[in-house]
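When a residue number appears, it is its place in the shown sequence, counting from 1.
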Amino acid sequence: MAVFKLDNVEDLYEIGDVLGSGHFGQVREVRERLTGTLWAGKFLKLQRSVGSRFGLERKSVEQEVEILQSLQHQNVMALKDVFESRAEVVLIVELIRGGELFDFIAEKENLMESEAIDFLKQILQGVCYMHSKQIGHFDLKPENIMLLVKHAPSPDIKIIDFGMAHRFIQGVEYRSMGGTPQYIAPEIINFEPLSTAADMWSIGVITYILLSGLSPFQGETDEETLKNIVAMSYVFEPHYFSQTSSMAKDFIQKLLTKDQRERMTAEDCLIHPWIKPLTKTQMARRNRSSINMKYFKRFNAKRKWKMSYNMVSACNRLYKLKLVCKTGAVDKQDLRECESDQEDTETKTVSLLRRRLSSSS
Ligand code: ATP
């Protein structure tokens with residue numbers, strides 16, 4: 001069992017504003033009292049009892065910590081320290097101030113493919129590094145791709161949220177049903193043995209959206225989205241892809257490949273001519289093509305709206321739950337849980353399976 005520091009985090013860090021929240025807690029700005037340095041503190045609620053619906057299993061947090069401890073790369077969020085109390089674990093991590101990459105791009109008037117590639121290249125470098133250590137992220141999506149700072153000539157990408165990450169062990173199969181419908185690979189839906197290639201599928205989806213403002217497999221419902229993924233039902237609709245180079249489409253196609261062994265690896269991607277042009281003509285084509293800003297902005301606005309809708313409905317559910325608690329309609333155990341936890345009870349098919357509904361055999 002991993003040992004985390006038992007000191008009271010507040011003795012060493014001053015806790016500041018909320019920067020964001022996830023399924024299992026909040027991320028807050030924190031100031032190290034000794035040096036004045038600013039960090040981010042990820043506060044993760046632990047399960048109070050075995051099998052409780054609220055909070056995270058300690059084992060799951062240990063896995064996230066162990067993975068973060070083994071990753072030191074410019075494009076991966078760094079971990080500094082870990083504290084534990086009875087009810088929560090606090091991860092002190094690098095403070096990432098630049099917000100989400102997609103929000104940064106959506107603020108622009110236009111963006112050439114070559115500029116989008118500069119960001120993509122950094123994502124690929126981070127992922128390539130992770131994969132070289134046999135670690136798969138398994139939750140690559142726009143929300144987990146941030147910028148260290150916003151106002152820099154070429155901002156640094158940081159990949160965050162290793163809550164679903166997994167380290168592969170040679171000879172041991174790994175299956176998982178976790179992820180976010182729009183971005184998950186067909187082998188996840190089919191509960192097949194997984195590899196780091198699942199991340200490459202997600203990068204294919206992210207690139208598709210980045211260039212067109214359209215989500216390739218998005219259906220009316222999550223069930224429909226999952227069906228579309230398994231059926232490989234996607235096209236490059238001319239209306240959305242009129243400004244896209246053929247090299248970019250080739251890049252996406254080689255990632256949205258059903259057979260995970262046929263899919264490009266991060267290493268392959270980094271030498272694909274769209275990312276690393278070999279000729280002047282290839283270079284010129286990237287500079288002539290641009291991303292579909294009108295539809296990208298629309299996609300991003302909808303995405304943000306959905307995120308805040310999910311947050312508000314989670315709060316409403318919590319509020320209702322607390323009312324039930326106050327009227328004494330639930331037993332004492334539930335009362336303790338609902339007073340101390342804010343787990344999002346989102347009903348999305350795959351989100352329900354978030355975190356560690358996985359198996360190694
Ligand atoms: P999820 O429910 O998606 O698994 P989580 O509980 O694992 O989320 P994160 O995704 O790691 O939490 O973080 C939640 C949010 O907090 C992020 O979307 C981001 O806005 C913000 N955040 C996370 N890490 C940092 C950081 N290092 N610096 C600044 N903000 C951060």
Has R175 got a side-chain atom pairing as donor or acceptor with E187's backbone, closer than 3.5 angstrom? no

Does the side chain of V205 reach to within under 4.5 Å of the side chain of F217, using non-hydrogen atoms? yes

Scan the side chains in residues 194-201 for donor-acceptor partners under 3.5 Å anywhere in the protein, sequence neighbours excluded, and list what turns up.
residue : atom : partner : partner atom : Å
S195    : OG   : A197    : N            : 3.1
S195    : OG   : Q260    : OE1          : 2.7
D199    : OD1  : H137    : N            : 3.4
D199    : OD1  : F138    : N            : 2.8
D199    : OD2  : H131    : NE2          : 2.8
D199    : OD2  : H137    : N            : 2.8
W201    : NE1  : I184    : O            : 3.2

Minimum heavy-atom distance E64-L91, with the two atoms named: OE2-CD2, 4.0 Å

Is it the case that over 12 heavy atoms from other parts of the model lie below 6.0 angstrom from the CD atom of Q282? yes

Which heavy atom in G136 sits nearest to a heavy atom in F168, and how many Å separate them? N-CE1, 4.3 Å

Side-chain donor-acceptor contact under 3.5 Å, S215 with R303: no

Please tell me whether L148 and W39 are part of a single hydrophobic cluster in this structure, the criterion being side-chain heavy atoms less than 4.5 Å apart. no

Inter-residue atom distance E29.CD - R97.CZ, 0.5 Å rounding: 6.5 Å

Ion pair check, K5 and D11, cut-off under 4.0 Å: no

Got E100 and N300 here, is their nearest side-chain heavy-atom distance under 4.5 Å? no

Would you kindly check if the NZ (Lys) or CZ (Arg) of R58 is within the cone defined by 45 degrees around the ring axis of F4 and under 6.0 Å from the six-membered ring centre? yes

In sequence, state the C-alpha distance, the side-chain angles, and the governing distance for D161 and K42, and then conclude on salt bridge (Lys or Arg N to Asp or Glu O under 4.0 Å). CA-CA 10 Å; D161 193 0; K42 183 168 172 173; 3.6 Å; yes

With hydrophobic residues grouped by side-chain heavy-atom distances under 4.5 Å, do L79 and F43 end up in a single group? no

Using a 3.5 Å distance criterion without hydrogens, assess whether the side chain of R28 forms a donor-acceptor pair with backbone atoms of G16. yes

With a 4.5 Å limit on heavy-atom distance, are the side chains of P186 and I229 in contact? yes

Heavy atoms, side chains only, cut-off 4.5 Å: are L147 and I157 in contact? yes

When rounded to the nearest 0.5 Å, the distance separating OH of Y183 from NZ of K141 is 8.0 Å

Determine, using ring centers only, whether Y208 and F241 are less than 6.0 Å apart. yes

Assess whether side chain to side chain contact (heavy atoms under 4.5 Å, CB included) is satisfied between L19 and L95, documenting all intermediate values. CA-CA 10 Å; L19 299 168; L95 176 62; 3.6 Å; yes

Kindly determine whether L255 and C269 satisfy side chain to side chain contact (heavy atoms under 4.5 Å, CB included), including the steps that lead there. CA-CA 9 Å; L255 288 173; C269 288; 3.7 Å; yes

If we only count heavy atoms from C-beta on, is the Y13 to D81 side-chain gap below 4.5 Å? yes

For R86, the salt bridge (charged side-chain N to carboxylate O under 4.0 Å, His left out) test, sequence neighbours excluded, returns none

According to a hydrophobic-cluster definition based on side-chain heavy atoms being under 4.5 Å apart (Ile, Leu, Val, Met, Phe, Trp, Tyr only), do V65 and F83 belong together? no

Would you indicate whether the side-chain heavy atoms of V90 and I92 approach each other to under 4.5 Å? yes

Using every non-hydrogen atom in the two residues, find where V30 and A40 come nearest and quote the distance to one decimal. CG2-C, 4.1 Å

Does the side chain of Q182 pick up a donor-acceptor pair with the side chain of Q218 at under 3.5 Å? yes

According to side-chain hydrogen bond (donor to acceptor under 3.5 Å, both in side chains), who are the partners of Q122, at least two apart in sequence or on a separate chain? N75

Carefully, step by step, assess E115 and K108 under the rule salt bridge (Lys or Arg N to Asp or Glu O under 4.0 Å). CA-CA 12 Å; E115 295 172 279; K108 293 187 173 287; 5.3 Å; no

Distance col, row L140:CG vs I145:CD1, nearest 0.5 angstrom, shows 6.0 Å

Is the number of heavy atoms from other residues, nucleotides or ligands under 6.0 Å of M283 CE greater than 12? no

Is the side chain of R263 donor-acceptor paired with the backbone N or O of T257 at a distance under 3.5 Å, no angle test? yes

Could you check V93 against F162 for side chain to side chain contact (heavy atoms under 4.5 Å, CB included), going step by step and ending with a plain yes or no? CA-CA 12 Å; V93 295; F162 286 75; over 6 Å; no

Starting at CE of M112, measure out to CZ of R286 and round the result to the nearest 0.5 Å. 11.0 Å

Backbone N or O of E192 within a donor-acceptor pair of the N190 side chain at under 3.5 Å? no

Which of parallel (below 30°), tilted (30 to 60°) and perpendicular (above 60°) describes F251 and H272? perpendicular

Report whether F24 and V27 are members of the same hydrophobic cluster (ILVMFWY, side-chain heavy atoms less than 4.5 Å apart, transitive linking). no

At their closest point, which heavy atom of S245 faces which heavy atom of S289, and how far apart are they? CB-OG, 3.3 Å

Return the NZ to CD1 distance between K276 and I117, rounded to the nearest 0.5 Å. 13.5 Å

Hydrogens and angles aside, do N287 and S114 bring a side-chain donor and acceptor to less than 3.5 Å of each other? yes

Indicate yes or no for a side-chain donor-acceptor contact from Q72 to the backbone of Q69 under 3.5 Å, with no hydrogens or angles considered. yes

For Y240, does its backbone N or O pair with a side-chain atom of N292 as donor and acceptor, under 3.5 Å? yes

Any side-chain heavy-atom pair from I271 and E267 closer than 4.5 angstrom? no

Student check: side-chain heavy atoms of L270 and K121 closer than 4.5 Å: yes

Counting only heavy atoms from other residues, nucleotides and ligands, does the tally under 6.0 Å from NZ of K258 exceed 12? yes

Applying the 4.5 Å side-chain criterion to the ILVMFWY set and letting contacts propagate, would M307 and V18 be lumped into a single cluster? no

List the steps, then state whether side chain to side chain contact (heavy atoms under 4.5 Å, CB included) holds for Q253 with Y234. CA-CA 10 Å; Q253 255 163 356; Y234 83 95; 3.4 Å; yes

Check: D139 main-chain N/O paired with N144 side-chain donor or acceptor under 3.5 Å: yes

Would you compute the distance between atom CD1 of I160 and atom CE of M146 and round it to the nearest 0.5 angstrom? 5.5 Å

Scanning both residues in full, the closest heavy-atom pair of L210 with A116 reads CD2-CB, 4.2 Å

Step by step, would you call D268 with T265 a side chain to side chain donor-acceptor pair (under 3.5 Å)? CA-CA 5 Å; D268 296 335; T265 63; 3.1 Å; yes

